[in-house]
Number of protein chains: 2
Amino acid sequence: MLFQEKHSLYAGCAFLLGRLKPGLERYFTFPVFLHKRYRRLKNTTIKTIAEATQLSLTTVSRVLNGSAKKYRISEETQQLVLKAAAKLNYAPNRAAVSLRLKRSFSVGLVIPTLSNPYFADVASMVSHALRAKGFSVVLMDCDEDENSEVEAVRLLAAQHIEGVIIIPSGSQSAHIDNLLKRKIPVISIDRYHEGIPVSYVATNHYEGALDITQYLLQAGHKKIACLQGSTSVVSNNLRVKGYTDAMKAAGCRFSG
Amino acid sequence: MLFQEKHSLYAGCAFLLGRLKPGLERYFTFPVFLHKRYRRLKNTTIKTIAEATQLSLTTVSRVLNGSAKKYRISEETQQLVLKAAAKLNYAPNRAAVSLRLKRSFSVGLVIPTLSNPYFADVASMVSHALRAKGFSVVLMDCDEDENSEVEAVRLLAAQHIEGVIIIPSGSQSAHIDNLLKRKIPVISIDRYHEGIPVSYVATNHYEGALDITQYLLQAGHKKIACLQGSTSVVSNNLRVKGYTDAMKAAGCRFSG
DNA sequence: CTGAAAGCGCTAACAT
DNA sequence: ATGTTAGCGCTTTCAG
């Protein structure tokens with residue numbers, strides 16, 4: 001067990017959401033600092049900055065977006081804006097930008113479960129690649145449950161996500177097809193569904209099996225067994241094919 | 001190595017973003033279906049539905065938000081709206097809702113690295129708890145790098161996230177304090193920083209060490225060693241204290 | 001029971 | 001070199 005009680009983490013989240021039930025504080029090993037439920041703040045907006053600097057919204061926006069040069073905004077003005085922004089701790093409101101630009105700058109990552117180190121590893125890599133490109137990653141852990149996966153995809157679609165990276169849990173594909181219909185790019189990792197045009201990245205099962213069989217053959221072995229999984233799984237069949245091809249090429253006997 | 005080449009995944013992401021460099025298709029084991037860079041679509045909005053049903057935006061919005069009862073909207077009207085919404089495959093624009101409501105419905109999850117199964121496990125649990133409450137999880141994998149963590153927190157703050165759950169990589173705390181200053185609730189998992197009022201959930205190191213030492217003592221052992229880690233880490237010290245307390249109580253000798 | 005209109009924060013024509 | 005303004009999609013007073 002990770003924690004004293006698994007519930008401690010849930011309590012932690014509930015707390016974070018400002019909805020911790022009384023009495024649950026005991027799950028925390030140290031005092032709990034009770035925030036109010038996320039206080040909406042009157043944030044610094046470009047308007048605040050515009051007023052502070054006596055400039056127009058446009059000018060402020062342009063400086064903050066780095067298109068100052070394009071509009072030949074004077075160095076002086078730029079510094080003025082930048083200073084004000086820094087002082088006011090300005091951060092652009094992504095919701096507003098999203099709405100205006102019709103881009104969400106985020107992509108969904110649908111994973112069977114992060115408890116599986118292999119999937120977690122993939123998630124880690126994907127997360128890096130995406131962050132480097134300036135995208136946020138919206139994580140959906142599906143607990144290896146197909147219904148949960150379908151629901152996750154629905155949620156992502158509603159968020160007007162810009163793309164989805166998915167490691168499918170099961171064999172359903174209607175939900176993925178729905179994404180495609182909405183013109184949302186999807187890439188599938190390691191497993192794929194036949195019949196729908198989804199691009200995917202996967203282990204090269206065939207060549208891997210071929211290579212390892214050849215390796216054993218070169219080491220002088222003749223009688224090599226291949227333990228296979230379910231014959232209805234594409235990846236399994238590819239591995240078996242790699243094995244049989246290598247055996248055939250070497251003129252060795254193999255069962256099946 | 002997970003994939004033929006680690007780059008395949010990166011290529012996958014680049015592809016997803018519509019920016020795959022020519023020639024990189026070879027990293028895909030199967031044909032790549034080239035989407036355009038995320039085509040912005042004229043989505044179904046409540047306005048579309050309003051026009052289709054000859055109702056006002058207000059009424060449509062109310063039905064779709066479940067506040068139909070409150071405003072006593074007739075069953076007939078409701079059905080009309082609901083049908084139209086389903087037919088048009090309507091999904092509310094979260095950016096617009098966020099902007100209007102000043103809520104993002106998402107919380108940030110900052111993890112040293114998902115490659116560590118322990119952290120991945122935590123991420124999995126957090127993700128579930130949050131999803132159950134209707135929140136999205138924005139994942140930030142920091143590659144065990146403190147600078148990356150600081151950057152991640154900055155990014156999250158800019159997204160007007162509603163809360164942050166973090167497993168800190170290092171000992172810096174200024175970035176976390178900054179979150180607190182913005183009134184963004186933070187909970188820290190497993191490690192914490194002294195000096196700032198962050199609530200956290202953690203392994204109960206002290207009691208765990210106490211329990212296990214007592215267990216050994218009850219089993220009749222007398223000479224029990226305790227291998228400790230860095231003395232500058234709080235969790236380590238708590239474990240050591242659990243050990244020494246148990247030894248003292250039993251009247252046994254221990255080093256240090 | 002239903003609708004009109006304002007406004008959330010931002011960007012991009014379109015002025016000047 | 002800088003400003004005015006419309007509008008992204010949604011919710012919510014306020015007004016029937």
Side-chain angles (χ1 to χ4, degrees), chain A residues 38 40-82 84-85 88-105 157-162, chain B residues 38 40-82 84-85 88-105 157-162:
Chain A
Y38 181 63
R40 304 172 193 182
L41 9 78
K42 43 163 185 27
N43 281 305
T44 309
T45 72
I46 51 172
K47 193 174 168 193
T48 326
I49 299 179
E51 282 163 2
T53 57
Q54 298 284 18
L55 287 165
S56 74
L57 297 178
T58 319
T59 306
V60 174
S61 171
R62 295 213 254 245
V63 173
L64 263 19
N65 284 310
S67 47
K69 202 158 287 172
K70 191 170 151 195
Y71 292 96
R72 306 189 210 170
I73 292 171
S74 72
E75 189 58 37
E76 195 184 6
T77 309
Q78 287 186 50
Q79 287 311 320
L80 192 65
V81 172
L82 259 15
L88 294 168
N89 206 7
Y90 172 78
N93 183 324
R94 293 249 304 212
V97 177
S98 276
L99 182 58
R100 180 64 232 233
L101 261 33
K102 296 191 179 234
R103 309 244 286 112
S104 66
F105 299 100
Q159 275 184 56
H160 294 253
I161 225 80
E162 292 192 32
Chain B
Y38 181 64
R40 305 174 193 183
L41 9 79
K42 46 165 186 21
N43 281 305
T44 307
T45 71
I46 51 172
K47 192 175 170 191
T48 326
I49 299 179
E51 282 163 2
T53 57
Q54 299 285 14
L55 287 165
S56 73
L57 297 179
T58 319
T59 306
V60 174
S61 169
R62 296 214 253 244
V63 172
L64 263 19
N65 285 309
S67 48
K69 202 157 288 172
K70 190 171 152 195
Y71 291 96
R72 303 189 213 170
I73 292 171
S74 72
E75 189 58 36
E76 197 183 6
T77 309
Q78 288 186 49
Q79 287 310 320
L80 192 64
V81 172
L82 259 15
L88 294 167
N89 206 7
Y90 171 77
N93 183 323
R94 292 247 308 210
V97 177
S98 276
L99 182 58
R100 179 64 230 234
L101 261 34
K102 299 194 176 223
R103 312 243 284 111
S104 66
F105 300 100
Q159 276 184 54
H160 295 251
I161 225 81
E162 294 191 31

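Labels below follow one simple rule: chain letters A, B, ... track the order of the sequence lines, proteins then strands, and each chain is numbered from 1. Keep in mind the model is a prediction, meaning the values are calculated, not measured.
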Legend entry - Closest heavy-atom pair and its distance - B:H160, B:S104: O-OG, 3.0 Å
Inset, instruction - Under 4.0 Å between any heavy atoms, over every strand shown, what does A:S98 touch: base, sugar-phosphate, or nothing? Just pick one. - result: nothing
Inset, instruction - Give A:L99 one of three labels, base, sugar-phosphate or nothing, depending on what nucleic acid heavy atoms sit under 4.0 Å from its own. - result: base
Inset, instruction - Rounded to the nearest 0.5 Å, what's the gap from CG on A:L99 to CZ on A:R94? Could you check? - result: 14.0 Å
Inset, instruction - Check the distance between C:dT2's C1' and B:Q78's CD and give it to me in whole angstrom. - result: 13 Å
Legend entry - Side-chain N,O (B:S56) to OP1/OP2 (C:dG3) below 4.0 Å: yes
Legend entry - Spacing of A:E75 atom CD relative to D:dA1 atom P, expressed in whole Å: 12 Å
Legend entry - Set of residues satisfying side-chain hydrogen bond (donor to acceptor under 3.5 Å, both in side chains) with respect to A:E75, sequence neighbours excluded: A:Q79
Legend entry - Side-chain heavy-atom pair B:E162, B:R103 within 4.5 angstrom cut-off: yes
Legend entry - Rounded distance (nearest 0.5 Å) linking atom CG of B:N93 with atom OG1 of B:T45: 9.0 Å
Legend entry - Partner residues of A:L64 under the side chain to side chain contact (heavy atoms under 4.5 Å, CB included) criterion, sequence neighbours left out: A:I46, A:I49, A:V60, A:V81, A:L82, A:A85, A:Y90
Inset, instruction - Name all residues meeting the side-chain hydrogen bond (donor to acceptor under 3.5 Å, both in side chains) criterion together with B:T58; count only those two or more places apart in sequence or in a different chain, and write none if there are none. - result: none
Inset, instruction - Compute the angle between the rotation axes at the two ends of the helix from C:dC1-D:dG16 to C:dT16-D:dA1, each taken over five pairs, rounded to 10 degrees. - result: 40°
Legend entry - Between C:dT11 (C1') and A:I73 (CD1): distance, integer Å: 13 Å
Legend entry - Euclidean distance, atom CG of residue A:L80 to atom C1' of D:dT2 [Å, nearest integer]: 13 Å
Legend entry - Neighbours of DNA chain C within residues 48-55 of chain A, by heavy-atom distance under 4.0 Å: none
Legend entry - With A:T59 via side-chain hydrogen bond (donor to acceptor under 3.5 Å, both in side chains) - residues at least two apart: A:S56
Legend entry - Pairwise distance OG(A:S74) to CD(A:Q78) - rounded to 0.5 angstrom: 7.0 Å
Inset, instruction - Give a yes/no on whether any side-chain N or O of A:K102 is located under 4.0 angstrom from OP1 or OP2 of D:dG9. - result: yes
Inset, instruction - For each nucleotide in nucleotides 10-16 of chain D, reading 5' to 3', give B when a protein heavy atom comes within less than 4.0 Å of its base, S when such contact involves only the sugar-phosphate, and - otherwise. - result: BBBB---
Legend entry - Those residues that, when tested against B:R62, pass side-chain hydrogen bond (donor to acceptor under 3.5 Å, both in side chains) (two or more places apart): none
Inset, instruction - Calculate, to the nearest 0.5 Å, the distance between atoms OG1 and CG belonging to A:T53 and A:L88 respectively. - result: 9.5 Å
Inset, instruction - Verify the contact: side-chain N or O of B:T59 to OP1 or OP2 of C:dG3, cut-off strictly under 4.0 Å; return yes or no. - result: yes
